[in-house]
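The figures here come from the full heavy-atom set of this structure, side chains too, leaving out hydrogens, waters and symmetry mates. Sequential numbering from 1 along the given sequence is applied to the chain's residues.
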Amino acid sequence: MSSSASTPSEYVTLVSGDGFEFVIPRSTACVSGTIRRMLEPSSNFSEAITGRCVLENISGIVLEKVCEYFCYNQKNKDQADVPDMDIPPELCLELLMAADYLDT
């Protein structure tokens, strides 16, 4: 089964500044306003064609936690009383900066 330019893949690859790659569902990644805009078919961004978003200013350990949050958010979006995610204190500042950059 081949994918055409008019039919974007169901999955996208998020790449950290230090080269770690995370493949997650497109709908999950689009929790981020920044990534959603990068992947819009009508945009002039190469990410819309390749389905690969390189996030140079986010480290692999932070991007891993961001992807975990995207999946956690997607899984629990229609539920009440969702428990908080476990976030290591040493990542809090970097995660806040990543969340701001990613419009999450």
With a 3.5 Å cut-off and sequence neighbours excluded, list the donor-acceptor pairs that the side chains of residues 49-58 form with protein atoms.
from: T50; atom 1: OG1; to: S46; atom 2: O; distance (Å): 3.2
from: T50; atom 1: OG1; to: R52; atom 2: N; distance (Å): 3.2
from: R52; atom 1: NH1; to: E21; atom 2: OE2; distance (Å): 3.2
from: R52; atom 1: NH2; to: E21; atom 2: OE2; distance (Å): 2.9

Cluster question for you: counting only ILVMFWY and a side-chain heavy-atom cut-off of under 4.5 Å, with indirect links fine, are I35 and F45 together? no
On a heavy-atom basis, which atom in A48 and which in S43 lie closest, and how many Å separate them? CB-OG, 3.6 Å
Salt bridge (charged side-chain N to carboxylate O under 4.0 Å, His left out) with E68: which residues, sequence neighbours excluded? K65
Please check if atom OH in Y72 has more than 12 non-hydrogen atoms from other residues, nucleotides or ligands closer than 6.0 Å. yes
Members besides Y11 in its Ile/Leu/Val/Met/Phe/Trp/Tyr cluster (side-chain heavy atoms under 4.5 Å): V23
In short, salt bridge (Lys or Arg N to Asp or Glu O under 4.0 Å) pairs touching residues 38-48 with sequence neighbours left out are none
Once you round to the nearest 0.5 Å, how far does CG of L39 lie from OG of S27? 11.5 Å
Closest contact, heavy atoms only, F70 versus S32: CZ-CB, 3.7 Å
E10 CD: over 12 foreign heavy atoms closer than 6.0 Å: no
Using the test side chain to side chain donor-acceptor pair (under 3.5 Å), find all partners of S16 that sit at least two apart in sequence or belong to another chain. D18
To the nearest 0.5 Å, what is the distance between OH (Y69) and CG (L102)? 11.0 Å
Residue pairs involving residues 24-33 (criterion salt bridge (Lys or Arg N to Asp or Glu O under 4.0 Å); sequence neighbours excluded): none
Mind listing the closest non-hydrogen atom pair of V66 and A98 along with its distance? CG2-CB, 4.2 Å
Apart from L96 itself, what residues make up its hydrophobic cluster when side-chain heavy atoms of I, L, V, M, F, W and Y under 4.5 Å apart count as a link, directly or indirectly? none
Is V12 reachable from Y101 through a run of I, L, V, M, F, W or Y residues, each pair having side-chain heavy atoms under 4.5 Å apart? yes
Which residues pass the side chain to side chain contact (heavy atoms under 4.5 Å, CB included) test with C67, not counting sequence neighbours? L14, F22, I24, L63
Heavy atoms from other residues, nucleotides or ligands near CG of L95 exceed 12 (cutoff 6.0 Å): yes
Residue pairs involving residues 84-104 (criterion salt bridge (Lys or Arg N to Asp or Glu O under 4.0 Å); sequence neighbours excluded): R37-D103
